[in-house]
Every structure is written in C-alpha cells, then in structure tokens.
2 protein chains.
Amino acid sequence: MTTAYKLGGRVWIEGPEGTFLGYGRVTLLERIRQHGSISAAARSMQMSYLRAWKLVDSMNRQGRQPLVEKSTGGRGGGGARLTETGERSIELFWSAYRDFQQFLQQRSGPLQG
Amino acid sequence: MTTAYKLGGRVWIEGPEGTFLGYGRVTLLERIRQHGSISAAARSMQMSYLRAWKLVDSMNRQGRQPLVEKSTGGRGGGGARLTETGERSIELFWSAYRDFQQFLQQRSGPLQG
DNA sequence: TGGCGTTATATTCCGAAAAATATTACGGTA
DNA sequence: TACCGTAATATTTTTCGGAATATAACGCCA
C-alpha cells in the first residue's frame with residue numbers, strides 16, 4: 001500500500017467585513033449558550049476574554065440582527081445569551097460545514113497522485 | 001435588498017507531513033516550469049527564495065517521486081525543472097480546486113441567514 | 001583561475017497578531 | 001455603601017512566522 005493523500009480544507013461564511021461565521025466562532029456561540037457569559041465561554045475553550053469579545057462584536061455587527069445579547073452589572077455581574085438569530089446562525093454554519101465535510105470525503109477518493 | 005452572505009473556503013491536498021499541495025505551492029510549480037529555476041520563479045511572485053526552496057523541498061519529500069528536479073552550478077548557475085510527477089501534481093490539485101470552487105458557488109446560494 | 005547565477009543552509013531581524021495585564025463601568029445584592 | 005463578577009476598553013508584553021541577510025558549494029565558461 002502506498003501513502004494515501006487526502007483533501008483537506010476549511011470553510012466559513014463571509015459577511016460585509018470578512019469572516020462572519022467559522023468553526024471557532026460558532027463553537028464560541030455554543031459555549032455562550034451553555035455558560036451564559038462571554039467570559040465563562042472563553043475560559044471553557046482556552047480563549048482570552050478579549051479575543052472572545054472581539055469575535056462576538058464582529059458577529060453582532062455583521063449579522064442582520066445581533067447574535068448575542070449582553071447585559072452588564074447586576075446579580076452575577078451580567079452575562080450574555082443567544083438571540084434567535086444567534087441560534088439560526090449556528091444552524092446555518094453547521095449545515096454548510098456538514099456538506100463541506102461530505103464533499104471532502106467524497107473528493108478525497110479520486111486523489112490518485 | 002439585504003446583505004448577501006457567501007461561502008468562502010480553502011482546500012489543499014494533505015500528505016504525510018501536512019500540506020502537500022495548495023494554491024500557492026502549485027502556482028510556484030507553474031512558475032518554475034515557466035522560468036526554469038526556483039529563484040526566478042520566486043522573484044516572479046514576490047516570494048523569497050528561502051520560502052520557495054522550502055516549499056519545493058516539502059513537496060519533493062512528500063511526493064512518491066520528486067516533483068522538481070534541481071541542478072546546481074554550470075552555465076547559468078543551475079536551475080530547476082518539473083518532472084512528470086510534478087506535471088501530474090499540478091493537474092491533480094487544480095482538478096480538486098475547480099470542483100471545490102463549484103461547490104462553494106452552488107452552496108453559497110442556499111445561505112439564507 | 002576567477003566570475004557568474006544558481007542551489008543550499010544558517011542566522012539574524014522585524015512586524016503583526018495574540019496574549020497578558022490593567023482599568024473602568026455596570027447594576028443587583030447583602 | 002461596599003462587594004461581586006461580568007462587560008468594555010486601553011495598553012503593554014510576548015510570541016512566532018516570515019523576511020532579510022549572509023555564506024558556502026557547485027560546475028560551466030571565458
């Protein structure tokens with residue numbers, strides 16, 4: 001048996017200012033849903049709060065409506081939660097992502113180098 | 001009319017040590033064919049010779065056979081030319097690349113965010 | 001034998017991106 | 001009013017990949 005090559009790749013959804021949704025961004029959204037705050041979500045995936053905040057900000061600015069609703073102060077210091085748009089965005093990306101993975105799988109077969 | 005999102009992405013062919021063929025690498029191969037040397041190819045695409053040399057080395061090591069044949073010294077200082085494997089590798093990548101572009105195009109349509 | 005332009009390789013330098021750090025604002029609660 | 005943990009934002013520090021620089025080896029030719 002000889003070495004097998006395979007097709008690799010990445011996909012993302014592009015918005016007005018570049019990347020809108022990608023693997024990392026959507027994973028972050030899911031963590032926010034799970035943990036209820038940007039900071040807890042960031043911690044849970046070894047991401048700095050600053051980076052997470054910027055990603056959320058970028059997504060909120062590019063979405064037709066905000067994907068994440070944030071509140072500051074109050075009991076627990078505040079938090080963040082997904083909007084309906086946020087939920088739909090997650091689905092939107094994973095759907096395209098799944099199709100892409102299938103494409104990669106199928107297209108890896110005919111790679112006779 | 002609302003803002004249109006579209007699907008973006010990249011593909012590459014993976015070999016034993018990671019990326020084997022990608023857009024930049026294959027473009028480099030074509031430039032080597034065109035110019036007859038690694039250094040001239042690199043210059044023609046604003047790439048440093050060092051970087052170009054490393055890419056060629058990586059491809060040669062990962063291919064079943066070398067993609068680029070190099071000679072040192074002599075009239076003109078030496079040079080480089082594509083092997084038959086190199087030619088076939090270019091085709092191999094562009095073929096997958098074209099299919100991927102088509103996938104992106106088609107899959108961008110159903111992006112109703 | 002010296003010159004040329006290439007391949008080959010080591011080493012230093014640099015800038016941009018990421019990480020780390022610091023500070024302020026916020027608004028419930030005790 | 002003091003405290004807490006968060007959001008929000010500015011600033012400094014670190015890291016790391018690429019660029020730049022330097023040098024040797026090679027082999028033909030004048």
Side-chain angles (χ1 to χ4, degrees), chain A residues 8 10 12 17-20 22-25 27-63 65-83 85-86, chain B residues 8 10 12 14 17-20 22-63 65-83 85-86:
Chain A
R10 308 187 133 269
W12 55 85
E17 65 178 59
T19 301
F20 172 41
Y23 189 97
R25 288 167 182 241
T27 299
L28 175 62
L29 290 179
E30 290 179 333
R31 297 293 179 109
I32 290 173
R33 172 171 60 192
Q34 180 182 354
H35 291 93
S37 79
I38 294 177
S39 64
R43 276 196 303 274
S44 83
M45 53 193 293
Q46 288 81 48
M47 182 184 285
S48 75
Y49 169 78
L50 179 59
R51 176 163 173 68
W53 183 88
K54 282 180 178 172
L55 290 176
V56 168
D57 191 55
S58 165
M59 288 187 278
N60 273 352
R61 276 185 286 104
Q62 293 190 85
Q65 292 162 348
L67 284 67
V68 175
E69 218 170 50
K70 296 164 285 185
S71 71
T72 175
R75 167 192 173 78
R81 61 174 220 77
L82 297 189
T83 64
T85 297
Chain B
R10 308 187 132 268
W12 56 84
E14 292 179 353
E17 66 178 58
T19 300
F20 171 41
Y23 189 97
R25 288 168 183 242
V26 168
T27 298
L28 176 61
L29 289 180
E30 291 179 333
R31 297 292 178 111
I32 290 173
R33 173 172 56 192
Q34 180 183 355
H35 291 93
S37 79
I38 295 177
S39 64
R43 277 197 303 271
S44 82
M45 54 193 292
Q46 288 79 46
M47 180 183 288
S48 75
Y49 169 77
L50 179 58
R51 178 162 172 68
W53 183 88
K54 283 178 178 173
L55 291 176
V56 168
D57 191 54
S58 166
M59 289 187 276
N60 273 352
R61 275 185 287 103
Q62 294 189 85
Q65 292 162 346
L67 284 68
V68 176
E69 219 170 49
K70 296 164 287 186
S71 72
T72 175
R75 167 194 172 77
R81 60 176 220 79
L82 297 188
T83 64
T85 297

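Excluded from the calculations below are hydrogen atoms, water molecules and symmetry mates; all remaining heavy atoms, backbone and side chain alike, are included. In this text the structure is predicted, and so the values were computed from the model without any measurement. Here is how names work: the chains are called A, B, and so on, in the same order as the sequence lines, proteins then strands, and each is numbered from 1.
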Under a 4.0 Å heavy-atom criterion, the protein footprint on nucleotides 19-30 of chain D, written with B, S and -, is SB-----BBS--
Quick one: does any side-chain atom of [X] pair with a main-chain N or O of [Y] as donor and acceptor, under 3.5 Å?
X     : Y     : answer
A:Q62 : A:E17 : yes
B:S58 : B:K54 : no
A:R25 : A:T19 : yes

Atom-to-atom span, [atom1] of [X] to [atom2] of [N] - whole angstrom:
X     : N     : atom1 : atom2 : result
B:L55 : C:dT7 : CG    : P     : 14 Å
A:L28 : D:dA7 : CG    : P     : 11 Å
B:N60 : C:dT7 : CG    : P     : 12 Å

Rounding to 0.5 Å, atoms CG (B:D57) and NZ (B:K70) come to a distance of 5.5 Å
Does any residue of residues 29-43 of chain B have a heavy atom under 4.0 Å from DNA chain D, and if so, which ones, in number order?
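Heavy-atom cutoff 4.0 Å gives no residues at all.
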Only residue of A:L55, A:L28, A:T85, A:L29 satisfying side-chain contact (heavy atoms from CB on, under 4.5 Å) with A:V68 is A:L29
Beyond-backbone contact of A:L82 with A:L67, side-chain heavy atoms, under 4.5 angstrom =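 The answer is no, as the side chains (C-beta and beyond) never meet within the 4.5 Å cut-off.
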Would one find a side-chain N or O of B:W53 under 4.0 angstrom from OP1 or OP2 of C:dA8?
->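 So the side-chain polar atoms of B:W53 do come within 4.0 Å of the phosphate oxygens OP1 or OP2 of C:dA8, strictly under.
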* To do: Examine D:dA8: is either OP1 or OP2 under 4.0 Å from a nitrogen or oxygen in the side chain of A:K70? Give yes or no.
  =>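 Yes, within the criterion.
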Residues 40-53 of chain A, side-chain donor-acceptor partners within the protein, below 3.5 Å, at least two apart:
| unit_1 | atom_1 | unit_2 | atom_2 | d |
| --- | --- | --- | --- | --- |
| A:S44 | OG | A:R31 | NH1 | 2.9 |
| A:S44 | OG | A:A41 | O | 2.7 |
| A:S48 | OG | A:R51 | N | 3.1 |

What closest approach, in Å, do B:I38 and B:A80 show between heavy atoms, and which atom pair accounts for it?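 Residues B:I38 and B:A80, closest heavy atoms: CG1-CB, 3.9 Å.
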